[in-house]
Protein chains: 2
Amino acid sequence: MPKIGMEPVRRKALIDATISAIGERGSLDVTMSEIAGRAGVSSALAHHYFGAKDELLFATMRHILAELNTDTRRAFNLAGTPRQRVSAVVAVSFSDDQFQSQIIAAWLAFYVEAQKSTELRRLLRIYARRLHSNLMSGLTGILPRTEADRVAEATAALIDGLYIRRALKDGVPDAQTAIALVEDYLETKLNGRSLP
Amino acid sequence: MPKIGMEPVRRKALIDATISAIGERGSLDVTMSEIAGRAGVSSALAHHYFGAKDELLFATMRHILAELNTDTRRAFNLAGTPRQRVSAVVAVSFSDDQFQSQIIAAWLAFYVEAQKSTELRRLLRIYARRLHSNLMSGLTGILPRTEADRVAEATAALIDGLYIRRALKDGVPDAQTAIALVEDYLETKLNGRSLP
DNA sequence: TTTTTTATTGACGCATCAATCAATAATAAT
DNA sequence: ATTATTATTGATTGATGCGTCAATAAAAAA
């Protein structure tokens, strides 16, 4: 029962399936059949639309990055002050959409894969730069450039670190605690005063 | 020319080879043959001593953890004050022995693998707890328990985050800068004052 | 000196997957 | 009505890699 115009539908379904498969397995060691099965199609079709597995994984990472970006833009629109822009970046990073085990597992797995794939590494660098620049867009309105830069660096590392620690699912901070930690750091750096 | 008592020698060589192989490939997707080759033996011998690949990887992670631990103990012996104990933990984390691409790649890869392997996850939790407790051993002498706990959490996340960002090898902080970032955070939290 | 233990490997079986391809069918274009 | 295009899959191929095993040889024990 082949209808026409299936391509975008299948692509989306396959990317979603890839995310959930990676999320469940916790790594990129998922087979094309597994992914295709989740998307309700054959593995041959996945190859038909994406060519090779690499490309499907690449498209998936790009999709995750794009989602993060739109979420951030949306949050920026609601932020009036520089300080609020900074908080917006933090809030989005730990929002329900982003700070969930599936996405975190994917991030982690892609970080590892980036060691092998130049293209993936380039993609993750774009993320790193964008995060930095998003943070700077608020911080430069509050601190002198050099110090803003250092704070942005630390904040980004803090966010990444909290992500990785979440992956262990131990006495791990939930989103609320994570946000509080980062905000506490920011408060200290921006006001020279920490929470009581 | 089989000499006797080769077992410990081979084990060590295989673990070292595993680290360097993982470091080069950037992931745990290294074959037993590759590892064995680097160690100058056949893959059959690797299986002979470690049984399965899992066990070799596990032994490798345990070795890395043990090294980190002895380094930390040594640094603790030179630390007089609580404040120095905290700095010692940071210094060891970014020492030449630990903060090198091979080891970092291994950490990252093992974090991913921990999603699948319960035993590996347990091992990494031990690391997380030990790091926390090592930080606390200094912090509790400076801050009230609750706050010390939060600072330890943030510091640990900061360290992990700087590790992960190093893996991208981009505008990445070198060891010096990384230490400065963490120390700056600690100074702010402990003195309520940041670097000029 | 014979036997057992330790060290070591090449070759092989077996399973897993990525990727291809030929075949089928429905829709659209001519 | 015929041809081309799009959608789809089952079956197959080829490669890769883990784990095993029988075979060889040196040392240690008997």
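The chains referred to below are lettered A, B, ... by the order of the sequence lines, with proteins before strands, and numbering in each begins at 1.
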>> Working to the nearest 0.5 angstrom, can you tell me the gap between A:Ile35 CD1 and A:Ser20 OG?
In response: 9.0 Å

>> I'd like to check the salt bridge (Lys or Arg N to Asp or Glu O under 4.0 Å) partners of B:Arg38; sequence neighbours left out, ordered by chain and number.
In response: B:Glu24, B:Glu34

>> Does A:Glu119 form a salt bridge (Lys or Arg N to Asp or Glu O under 4.0 Å) with A:Arg122? I'd like the steps, not just the answer.
In response: CA-CA 5 Å; A:Glu119 288 172 334; A:Arg122 201 181 321 152; 5.3 Å; no

> Which part of the nucleic acid does A:Gly51 contact within heavy-atom distance under 4.0 Å: base, sugar-phosphate only, or nothing?
Replying inline: nothing

> Has B:Arg10 got a side-chain N or O lying under 4.0 Å from the OP1 or OP2 atom of C:dT8?
Replying inline: yes

>> One thing to verify: whether A:Arg83 and A:Glu187 come together as a salt bridge, which I'm taking to mean a side-chain N less than 4.0 angstrom from a carboxylate O.
In response: yes

>> Please report the distance, rounded to the nearest Å, between NE2 in A:His47 and P in D:dG10.
In response: 15 Å

> Closer to the 5' end of DNA chain C via nearest nucleotide, is it B:Ala44 or B:Gly5?
Replying inline: B:Gly5

> Looking at D:dT8, C:dT20, D:dA28, which one has an atom nearest to any side-chain atom of B:Ile4?
Replying inline: D:dA28

> Are A:Glu113 and A:Lys116 within salt-bridge range, i.e. N to O under 4.0 Å?
Replying inline: yes

> Got a sec? Which of residues 107-119 of chain A come in under 4.0 Å of DNA chain D, heavy atoms?
Replying inline: none

>> From C-beta outward on B:Met6, which listed nucleotide comes closest to its side chain: C:dT8, D:dG10, C:dG10?
In response: C:dT8

>> If I take atom CZ in residue B:Phe50 and atom C1' in nucleotide D:dC18, what distance separates them, rounded to the nearest angstrom?
In response: 16 Å

> Around atom NZ of A:Lys12, are there more than 12 heavy atoms of other residues, nucleotides or ligands at under 6.0 Å?
Replying inline: no

>> Less than 6.0 angstrom separating the ring centers of B:Phe50 and B:Phe58, yes or no?
In response: no

>> From C-beta outward on B:His48, which listed nucleotide comes closest to its side chain: C:dC21, C:dT8, C:dT9?
In response: C:dT8

> Should B:Tyr49 be listed as having a side-chain N or O under 4.0 Å from OP1 or OP2 of C:dT8?
Replying inline: yes

>> Does anything in residues 17-39 of chain A come within less than 4.0 Å of DNA chain D? Heavy atoms only, and list the residues if so.
In response: none

> Just wondering, are more than 12 heavy atoms of other shown residues or ligands nearer than 6.0 Å to CG in B:Asn77?
Replying inline: yes

> Looking at the side chain of A:Glu7, which of C:dT9, D:dA7, D:dC18 is the nearest nucleotide?
Replying inline: D:dA7

> Among C:dA19, D:dG19, C:dT9, which is the nearest nucleotide to the side chain of A:Lys53?
Replying inline: C:dA19

>> Taking the minimum atom-to-atom distance to the side chain of A:Leu45, which one of D:dG19, D:dT8, D:dT6 wins?
In response: D:dT8

> Nearest 0.5 Å, what's the OH-CD1 distance between B:Tyr127 and B:Ile64?
Replying inline: 11.5 Å

